Amino acid sequence: MIRKSMSAAALSAVLLLAACGNDAAPVEVPQQSAPRVETLTAELTNVPNAVELTGRARAYAEAEIRPQVTGIIKERLFKEGDLVARGQALYQIDAAEYAADVRSAEAALTRAEATANVAKETAKRFANLAKINAVSQQEYDQAAASAQEAEADIALQKAALDRARIDLARTKISSPIAGRIGRSTVTQGALVTENQTDELARVLQIDPVYVDLTVSSNRVLAMRQEMASGRIASKELGTVPVNIILSDGTTYPLQGQLEFSEINVDESAGTVAVRALVPNPDGIILPGMFVRANFVAGMYENVITLPQSVVSRTPTGDASVMVLKDDNTVEQRAIKVEQHDGSSWIVLDGLNEGDEIVVSNLQTVRTGMTVDPVSRAGTISASRARSSDLN
């Protein structure tokens, strides 16, 4: 009897619910709304090919001061660290011995000239006597030969005198270039020898100064390929201005010029040397100083710049962006980029002029997703896609 009463109650409840359901409104399940994103329009433009390299300063000219004659240093004629002029005397070697050699050579030349005068007069007399057969032809030939030997001896003694005078002049050691001289390695009374390996001092010309920069060979190859393809409009090397950034981060006030690029690659480092010539009237840049240099090596034509936050990377390192299609769906598109500055990329391939680039909600949107686009004021400069390069 209890089971029958429970069954009847359950049946009554079911019927009641069914009757109430006929009068109730249907329940609607809410649909998820499309995410709102901001977009920017891509357009063509030209961008400077800015390059920043590191390197070290080098002296424009360098002279190692060494003696060319042997002797005792009698006097040092400069102050260490001073600016010296070209031809300025730096050291004086004791010249007494070399002055004596000059006097000896002068005397030998005088004697040779006197002997030659006698030989020439003798040869002249023998020539007249030979005409009347007063002397034999052999005697005349010997007199003529003696005159020629005397002339040759004069030339020999003149050369000896010139050499003695050169050695005497070399006792005063002069600077072959203008520049700043360093410390002296010898003092008064030191013995120096001809063409010794140890330098007495060093003179550096640092106005202007060279800045030797290094760039990877891969980057040089890529730049040359871009120039060959016409993407980069190149400039003459000697007309490229260079800005120097010192080791403390300050910018050097004077601009330099690129001089040349090395034609071979350093095998150990895989780099190519690039040299800049920089004016240095105040001597701020010193040889050996570490600096950075930036310059514009031509122009990228018909390319874009994108903020780094817009570009994503695949696990293999390839760059891509989210592009809005005409039906408000999003697609992920691979692009080719080149670093422009610290916060943006140059896009070389992968975008068309007028493409809408998604710049917000990038963590939410996925390929194929429908979005609610809101155009942001402004444009992004873009290049035309080159499908062949992407392949």
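Predicted, not measured: the structure shown is a model, and the values here were computed from it.
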**OP:** Among residues two or more places apart or on two chains, list those pairs meeting side chain to side chain donor-acceptor pair (under 3.5 Å) that have a residue in residues 316-327.
**Re:** Ser312-Ser320, Thr314-Thr316, Thr316-Asp318, Ser320-Gln332, Asp327-Thr329
Taking the side chain as everything from C-beta on, heavy atoms only, tell me whether [X] gets closer than 4.5 Å to [Y].
X	Y	answer
Val323	Ile357	yes
Leu109	Ile154	yes
Val240	Val296	no
Ile244	Val211	yes
Leu324	Asp355	no
Ile93	Val69	yes
Asn195	Gln68	yes
Val102	Leu161	yes

Original post:
Side chains of Thr171 and Tyr91: donor-acceptor distance under 3.5 Å anywhere?
Top reply: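 No pair is found: no donor N or O on one side chain lies under 3.5 Å from an acceptor on the other.
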**OP:** For Thr41 and Glu356, test the side chains for any donor-to-acceptor distance below 3.5 angstrom and give the result as yes or no.
**Re:** yes
Original post:
Taking everything shown except Arg183 itself, do over 12 heavy atoms lie less than 6.0 Å from its CZ?
Top reply: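 Counting other residues, nucleotides and ligands, CZ of Arg183 stays at 12 neighbours or fewer.
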Nearest-0.5 Å distance, [atom1] of residue [X] to [atom2] of residue [Y]:
X	Y	atom1	atom2	value
Ile181	Leu204	CD1	CG	9.5 Å
Ile173	Ile73	CD1	CD1	5.0 Å
Leu90	Ser174	CG	OG	6.5 Å
Ile177	Ile65	CD1	CD1	7.5 Å
Asn243	Arg292	CG	CZ	11.5 Å
Leu200	Thr187	CG	OG1	11.0 Å

Thinking salt bridges, do [X] and [Y] make one under a 4.0 Å N-O criterion?
X	Y	value
Glu151	Lys120	yes
Glu113	Arg111	no
Glu64	Arg202	yes
Arg76	Glu80	yes
Arg165	Glu106	yes
Asp162	Lys158	no
Asp212	Arg275	yes

Which pair of non-hydrogen atoms, one from [X] and one from [Y], has the smallest distance, and what is that distance?
X	Y	answer
Pro373	Thr39	CB-CG2, 4.4 Å
Glu199	Thr185	O-OG1, 2.6 Å
Leu362	Ser309	CD1-O, 3.6 Å
Val311	Ala319	CG1-CB, 3.7 Å

**OP:** List, by chain and then residue number, the residues other than Tyr210 in its hydrophobic cluster (Ile/Leu/Val/Met/Phe/Trp/Tyr, side-chain heavy atoms under 4.5 Å); write none if there are no others.
**Re:** Tyr60, Leu277
Subject >> Polar side-chain atom of Asp101 near backbone of Ala105 as donor-acceptor pair, under 3.5 Å >> reply: no
**OP:** Please check if the side chain of Thr370 supplies one atom and the backbone of Asn328 the other of a donor-acceptor pair under 3.5 Å.
**Re:**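 No, Thr370 side chain to Asn328 backbone: no donor-acceptor pair under 3.5 Å.
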Would you say [Y] ends up clustered with [X] if hydrophobic residues are merged whenever their side chains have heavy atoms under 4.5 Å apart, either directly or through other cluster members?
X	Y	result
Val347	Val330	no
Leu254	Met289	yes
Tyr98	Leu191	no

